[in-house]
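Just so it is clear, the structure is predicted and the values come from calculations on it, not from any experiment.
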Amino acid sequence: MGDVAAGASRRVATPIRMAWLGRVGYERGVELQETVRQRILDREPDAMDTLLLLEHPPTYTMGRNCDLTDVLAAPDWLRSRGIAVVDCDRGGRATYHGPGQLVGYPVLDLGQDRRGVRAYVRDLQEVLVRTVGALGVTAAGGQERERIGVWVGRRKIASIGIHLRRWVTTHGFALNVSTQLDDFAGILSCGFDASVMTSIDELTGRRHGLPEVAACCAGIFAEVFERQLVSVEPAEVGFGQES
């Protein structure tokens with residue numbers, strides 16, 4: 001009876017799909033998240049919580065709390081660097097996305113266990129702290145609202161910004177792996193000067209491939225969120241060739 005009771009009480013981990021998409025235009029990434037979220041909200045039979053991992057071309061994204069003064073660069077400077085400026089509905093202020101940065105978009109139904117927004121952000125921070133730790137970097141999640149993200153001392157290595165609709169999440173995190181840090185100079189990133197930003201490669205002195213870091217991050221994400229990770233091809237989350 002004891003073994004039966006123990007087996008009955010053991011919780012089966014909820015699956016989560018993970019897809020590595022490579023480089024994806026920012027607007028296409030938003031569109032894909034919204035498609036996955038709508039299928040979850042509509043309770044479609046094959047809808048599933050999904051972790052999209054990718055990188056973007058050079059883009060400044062302006063969150064809901066962004067101030068116009070957060071953009072420091074002149075249009076000519078932006079054009080010379082090929083950096084687009086895009087408004088978005090995530091929380092937070094301005095941030096940069098670009099090659100060499102691992103972007104994670106978890107599309108999760110938090111309504112299943114009502115983790116709450118603060119707990120969800122803490123979990124995202126924990127995923128990133130463990131990920132960089134596995135690569136030789138000791139970091140911590142910021143506790144104050146203005147320091148949300150992941151920090152190595154006074155240097156920021158990852159940013160977090162989310163959006164919820166009916167308890168289903170979009171947006172997520174951006175982890176600097178081999179990011180060109182000079183590209184942060186055109187904005188106040190989350191209100192901070194570009195000199196605050198750092199990357200895994202800068203801190204370790206070693207080059208890290210994004211697919212490998214993505215795989216490490218996905219495994220840790222599944223551990224923190226107590227999910228069963230199911231790796232899928234991009235087509236299985238609705239991603240094809242960009243038009």
Side-chain angles (χ1 to χ4, degrees), residues 11-18 29 33 36-37 40 48-54 61 63-66 88-97 101-177 179 189-192 196-200 203 213-229:
R11 188 175 67 173
V12 177
T14 302
I16 181 170
R17 298 183 301 183
M18 183 282 290
Q33 293 176 74
V36 174
R37 174 158 67 179
I40 292 172
M48 184 185 296
D49 285 353
T50 301
L51 174 62
L52 305 172
L53 294 173
L54 53 110
T61 63
R64 295 193 306 270
N65 301 323
C66 193
C88 65
D89 62 0
R90 62 160 172 78
R93 296 172 64 175
T95 197
Y96 170 72
H97 296 308
Q101 182 188 73
L102 177 63
V103 174
Y105 291 139
V107 187
L108 308 180
D109 184 359
L110 298 186
Q112 297 299 316
D113 51 18
R114 283 298 196 271
R115 287 175 177 266
V117 175
R118 291 183 181 178
Y120 176 58
V121 170
R122 285 196 300 271
D123 283 346
L124 291 181
Q125 290 182 143
E126 180 64 18
V127 170
L128 297 169
V129 167
R130 293 190 196 181
T131 298
V132 300
L135 300 171
V137 176
T138 301
Q143 300 302 311
E144 300 84 5
R145 181 175 180 179
E146 64 274 10
R147 288 177 60 86
I148 291 298
V150 175
W151 296 77
V152 181
R154 296 181 180 274
R155 307 287 301 281
K156 190 174 187 181
I157 198 168
S159 301
I160 292 174
I162 65 171
H163 182 271
L164 273 75
R165 180 155 62 92
R166 288 162 50 192
W167 286 101
V168 179
T169 68
T170 53
H171 299 284
F173 61 83
L175 172 62
N176 297 327
V177 179
T179 317
S189 182
C190 302
F192 294 94
V196 168
M197 308 305 294
T198 190
S199 69
I200 294 173
L203 293 173
V213 177
C216 175
C217 184
I220 292 171
F221 189 98
E223 291 175 4
V224 171
F225 282 85
E226 299 179 327
R227 300 297 181 96
Q228 177 188 356
L229 187 66

Notebook entry, point to check: Heavy atoms, side chains only, cut-off 4.5 Å: are Val121 and Asp123 in contact?
Noted result: no
Here the gap from Leu51 atom CG to Leu229 atom CG, rounded to the nearest 0.5 Å, amounts to 7.5 Å
Heavy-atom closest pair (Val127 atom, Phe221 atom, distance to 0.1 Å) is CG2-CA, 3.8 Å
Any donor and acceptor pair, going by atom type alone, linking the side chain of Thr131 with main-chain N or O of Val129 inside 3.5 Å? no
In terms of heavy-atom contacts, Val137 and Ile157 come closest through CG1-CD1, 4.3 Å
Donor-acceptor side-chain pairing of Thr14 and Arg227 below 3.5 angstrom:
no
Point to revise | Arg90 side-chain N/O to Thr61 backbone N/O, donor-acceptor pair under 3.5 Å | key: yes
Here the pair of heavy atoms bringing Cys216 nearest to Ala134 is SG-CB, 3.9 Å
Any side-chain heavy-atom pair from Tyr120 and Trp167 closer than 4.5 angstrom? no
Note to self: Check whether Gln228 reaches the backbone of Arg17 with its side chain - one donor and one acceptor, N or O, closer than 3.5 Å.
What the structure shows: no
Glu126 and Arg130 ion-paired at < 4.0 Å:
yes
_Donor-acceptor contact present, side-chain Gln143 to main-chain Gly141, <3.5 Å_ = yes
Check your understanding: Quick one: does Arg37's side chain have a donor or acceptor within less than 3.5 Å of a partner on Thr169's backbone?
Key -> no
Counting distance only, does the side-chain N/O of Gln33 pair as donor-acceptor with the main-chain N or O of His171 below 3.5 Å?
yes
Aromatic contact between Trp151 and Phe192, with the criterion being ring centroids under 6.0 Å apart: yes or no? yes
Could you go step by step and tell me if Leu53 and Val103 meet the side-chain contact (heavy atoms from CB on, under 4.5 Å) rule?
CA-CA 6 Å; Leu53 294 173; Val103 174; over 6 Å; no
Interatomic distance, OG@Ser159 vs CD1@Ile148, rounded to 0.5 Å, equals 11.0 Å
Worksheet item: Would you say Asn176's side chain and Thr198's backbone share a donor-acceptor pair under 3.5 angstrom?
Response: yes
Between the CG atom in Asp49 and the CE atom in Met18, the distance rounded to the nearest 0.5 Å is 15.0 Å
Value for CG (Asp89) from OG1 (Thr170), rounded to nearest 0.5 Å, stands at 5.5 Å
Item checked: Thr95 side chain to Ser189 backbone, donor-acceptor under 3.5 Å -> no
Between Tyr105 and Leu54, the two heavy atoms sitting closest are CD1-CD2, 3.8 Å
What do the steps show when you test Arg147 against Lys156 for side-chain contact (heavy atoms from CB on, under 4.5 Å), and what is the final call?
-> CA-CA 9 Å; Arg147 288 177 60 86; Lys156 190 174 187 181; over 6 Å; no
Value for CG (Leu102) from CZ (Phe173), rounded to nearest 0.5 Å, stands at 5.5 Å
**Item:** Val150 backbone acceptor or donor facing Gln125 side chain under 3.5 Å
**Value:** no
*asked:* Is any side-chain heavy atom of Val117 closer than 4.5 Å to one of Leu110?
replied: no
Side chain to side chain, Leu108 and Ile16, heavy atoms closer than 4.5 Å: yes
Value for CE (Met48) from CG (Asp109), rounded to nearest 0.5 Å, stands at 13.0 Å
Between Gly91 and Asn65 the two heavy atoms that sit nearest each other are C-ND2, 4.4 Å
- Task: For Ile220 and Phe225, run side-chain contact (heavy atoms from CB on, under 4.5 Å): C-alpha distance rounded to whole Å, both residues' side-chain angles, the deciding distance at 0.1 Å, then the answer.
- Result: CA-CA 9 Å; Ile220 292 171; Phe225 282 85; over 6 Å; no
In terms of heavy-atom contacts, Leu128 and Ala158 come closest through CD1-CB, 3.8 Å
